[in-house]
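Below, chains carry the letters A, B, ... as their sequence lines are ordered, and counting in each starts from 1.
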There are 2 protein chains.
Amino acid sequence: MSLRYALLALLTSQPLTGYDVLKHFEQSVGYVWHAPDSQIYPELRRMEKDGLLRGVEETWGKKGKKKRYHITPEGVEAFRAWVNTTLDYTRERDPIHLKAAYLEWAEPDAARAQMQAHIAYHSSRAQQWQEMIDALKDRSNPILAARLETAPDADRAKISGYKIFTYEGMIERAKAEIEWARRGLELIDKLES
Amino acid sequence: MSLRYALLALLTSQPLTGYDVLKHFEQSVGYVWHAPDSQIYPELRRMEKDGLLRGVEETWGKKGKKKRYHITPEGVEAFRAWVNTTLDYTRERDPIHLKAAYLEWAEPDAARAQMQAHIAYHSSRAQQWQEMIDALKDRSNPILAARLETAPDADRAKISGYKIFTYEGMIERAKAEIEWARRGLELIDKLES
DNA sequence: GTCAACTAACTATGTTCATAGTTAGGCTGT
DNA sequence: ACAGCCTAACTATGAACATAGTTAGTTGAC
């Protein structure tokens with residue numbers, strides 16, 4: 001269900017074609033909610049069917065066509081309802097921690113490689129989020145800049161404030177993961193000597 | 001795919017019936033990988049079909065029957081192969097951070113309620129993991145104690161060491177989430193005044 | 001003028017997971 | 001005798017996701 005709201009979030013700032021949604025998605029909401037095109041296109045159609053979006057056909061070149069999706073008042077309402085509802089939490093399902101719990105079965109080097117991969121993955125993710133924060137602060141990301149420009153002046157501090165807060169949270173979590181994996185490496189050295 | 005390995009992990013220490021698996025699951029592996037019975041029963045059957053498990057029929061009372069699953073050498077091998085393979089990471093899909101990014105749309109009180117729910121959820125989870133750690137340390141959990149008893153003496157430090165490490169990681173992550181949500185509450189107060 | 005790269009969008013298949021319900025025997029207490 | 005709970009296991013349905021492939025028009029560079 002979250003995909004729907006991720007898409008609504010994108011479309012609150014401007015109408016977009018399916019392909020635009022795809023591209024914008026990858027550079028903004030996609031950082032907190034990943035989705036492939038094969039999920040996005042059908043979902044946009046379902047949302048149109050449900051009255052949350054209105055699709056307007058446009059010509060493109062001589063024969064080409066595309067459909068631009070506008071959010072409807074119902075769509076805005078649905079989005080607002082979602083942000084105002086407390087989420088319910090689904091229980092953990094975490095492959096790395098599952099594996100860590102049974103690391104006594106692994107070759108020491110494989111165990112180390114896993115921890116190093118964990119560090120590498122989260123370092124790279126943390127760096128990307130940091131870049132998003134920087135882009136938010138200096139407005140160098142065109143998609144984020146556009147969102148800020150269309151918004152009333154009074155809301156700008158909120159819009160970028162909550163986004164920075166979000167990415168900072170992701171970074172902190174990534175750092176906790178990195179710290180944990182480092183301790184994992186030490187533990188492997190200690191137990192597998 | 002992880003469910004399969006979570007089940008193999010359980011069955012490495014002793015043969016269990018489907019129902020036993022279910023119960024044990026909830027009190028051990030289930031803390032890092034949640035799964036409902038409707039997923040576990042069919043998966044056990046698939047694993048038997050794939051030769052990872054061998055099911056042995058047992059009578060139960062006068063007319064009742066149950067099937068006890070034993071892990072096969074292929075099952076052990078598959079599990080070992082899994083722990084020795086570095087996982088690949090799938091991209092984030094996180095409803096709370098998605099929502100946090102668009103909190104400017106929420107009523108201040110709804111935003112606060114969301115952050116408080118986040119704190120409550122992760123506090124309760126952290127507490128449960130802490131209990132698991134305590135149970136591992138004093139061997140008061142029968143399932144964990146059984147696993148330790150059947151293992152060779154030399155492996156015991158590893159078995160409980162990696163499990164404690166795992167739960168500590170979950171707790172640290174939960175603490176990072178709580179910290180983040182607290183900062184969220186402060187931010188809401190600041191921005192929504 | 002044609003080839004590559006991009007825009008635009010859709011389809012197909014299989015797995016995983018959530019949610020909810022069903023069937024049936026066994027055990028314990030009143 | 002039967003209620004209520006536990007053990008045991010299975011079924012059904014739909015949503016969500018991953019992975020991979022397909023079709024077709026447009027634009028720009030050489």
Visitor: Which residue lies toward the 5' end of DNA chain D, S38(A) or R46(A), if each is placed at its nearest nucleotide?
Guide: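 Closest to the 5' end, via its nearest nucleotide, is R46(A).
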Visitor: Taking N and O atoms by type only, does the side chain of T17(A) place a donor or acceptor under 3.5 Å from a partner on the base of dT7(C)?
Guide: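 Under the 3.5 Å cut-off, the side chain and the base do not form any donor-acceptor pair.
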Visitor: Contact class for R45(B) (heavy atom, under 4.0 Å): base, sugar-phosphate, or nothing?
Guide: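 Counting heavy atoms under 4.0 Å across all strands, the contact made by R45(B) is with sugar-phosphate only.
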Visitor: Report the distance from atom CZ of R91(B) to atom C1' of dA16(D), rounded to the nearest whole Å.
Guide: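 Rounding to the nearest Å, CZ of R91(B) and C1' of dA16(D) are 17 Å apart.
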Visitor: Taking the six-membered ring for Trp, are W105(B) and F79(A) closer than 6.0 Å centroid to centroid?
Guide: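 Between W105(B) and F79(A), the centre distance is under 6.0 Å.
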Visitor: Provide, to the nearest angstrom, the distance between the NZ atom belonging to K67(B) and the P atom belonging to dA8(D).
Guide: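 Taking atom P of dA8(D) as the reference, NZ of K67(B) is at 15 Å.
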Visitor: Can you tell me how far P of dT26(D) sits from NZ of K66(A), to the nearest Å?
Guide: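 Spelled out: NZ on K66(A) to P on dT26(D) is 11 Å.
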Visitor: It should be established whether R93(B) places a side-chain nitrogen or oxygen under 4.0 Å from OP1 or OP2 of nucleotide dA18(D).
Guide: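 True: R93(B) side-chain N/O within range (under 4.0 Å) of dA18(D) OP1/OP2.
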Visitor: Check the distance between dC17(D)'s C1' and D37(A)'s CG and give it to me in whole angstrom.
Guide: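 These atoms are roughly 13 Å apart.
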Visitor: Is the ring centre of Y5(A) less than 6.0 Å from the ring centre of W33(A)?
Guide: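 No, the ring of Y5(A) stays outside the 6.0 Å limit from the ring of W33(A), centre to centre.
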Visitor: Round to a whole Å and report the spacing from NE2 of H24(A) to P of dA8(C).
Guide: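 Interatomic distance, NE2 of H24(A) to P of dA8(C): 10 Å.
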Visitor: Classify the nucleic acid contact of T90(B) as base, sugar-phosphate or nothing, counting any heavy atom under 4.0 Å across all strands shown.
Guide: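 No contact.
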Visitor: On DNA chain D, does the nearest nucleotide to K23(B) precede the nearest nucleotide to H34(A) from the 5' side, or the other way round? Give the residue.
Guide: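 Upstream on the strand: K23(B).
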Visitor: Can you measure L44(B) atom CG to dC10(D) atom P for me and round it to whole angstrom units?
Guide: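 Spelled out: CG on L44(B) to P on dC10(D) is 9 Å.
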Visitor: Taking OP1 and OP2 of dC17(D), is either one under 4.0 Å from a side-chain nitrogen or oxygen of Q39(A)?
Guide: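 The answer is yes; a side-chain N or O of Q39(A) sits under 4.0 Å from OP1 or OP2.
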Visitor: Of the listed nucleotides (dT16(C), dC17(C), dA16(D)), which one gets closest to any side-chain atom of M1(A)?
Guide: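 From the listed options, dA16(D) comes nearest.
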Visitor: Let's see if you can work this out: which of dC10(D), dA18(C), dA18(D) has an atom nearest to the side-chain heavy atoms of Y41(B)?
Guide: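 Of dC10(D), dA18(C), dA18(D), dC10(D) is nearest to the side chain of Y41(B).
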Visitor: Can you find a heavy atom in the side chain of Y102(B) that is under 4.5 Å from one in the side chain of T166(A)?
Guide: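 Answer no - side chains too far apart.
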Visitor: For the residue pair H122(B) and Y89(A), does the interplanar ring angle fall in the parallel (under 30°), tilted (30 to 60°) or perpendicular (over 60°) class?
Guide: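 Ring orientation, 0 to 90° scale: perpendicular.
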Visitor: D88(A) near the nucleic acid: base, sugar-phosphate alone, or nothing, with a heavy-atom cut-off under 4.0 Å?
Guide: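 Nothing, no nucleic acid heavy atom in range.
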Visitor: Report which part of the nucleic acid D20(A) touches: base, sugar-phosphate, or nothing (heavy-atom distance under 4.0 Å, all strands).
Guide: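 Since only primed, P, OP1 and OP2 atoms lie under 4.0 Å of D20(A), the category is sugar-phosphate.
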Visitor: Evaluate the ring planes of H97(A) and H118(A), with Trp represented by its six-membered ring, and classify them as parallel (under 30°), tilted (30 to 60°) or perpendicular (over 60°).
Guide: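 Rings of H97(A) and H118(A): perpendicular, over 60°.
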Visitor: Nearest whole Å is fine: how far is dA8(C) P from E26(A) CD?
Guide: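 Taking atom P of dA8(C) as the reference, CD of E26(A) is at 13 Å.
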Visitor: Does K65(A) or P42(A) map to a spot on DNA chain C nearer the 5' end, using the closest nucleotide for each?
Guide: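 Counting from the 5' end, the first nearest nucleotide belongs to K65(A).
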Visitor: Strictly below 4.0 Å: does Y19(A) bring a side-chain N or O up to OP1 or OP2 of dT7(C)?
Guide: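 Yes, within the criterion.
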Visitor: Within 45 degrees of the axis of the six-membered ring of W180(B) and under 6.0 Å from its centre: does R182(B) put its NZ or CZ there?
Guide: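 The answer is no; the distance or angle limit is not met.
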Visitor: Identify whether any heavy atom of R68(B) sits under 4.0 Å from a base atom; if not, whether one sits that close to sugar-phosphate; answer base, sugar-phosphate or nothing.
Guide: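 It contacts nothing in the nucleic acid.
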Visitor: Nearest whole Å is fine: how far is dA9(D) P from M47(B) CE?
Guide: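 Rounding to the nearest Å, CE of M47(B) and P of dA9(D) are 15 Å apart.
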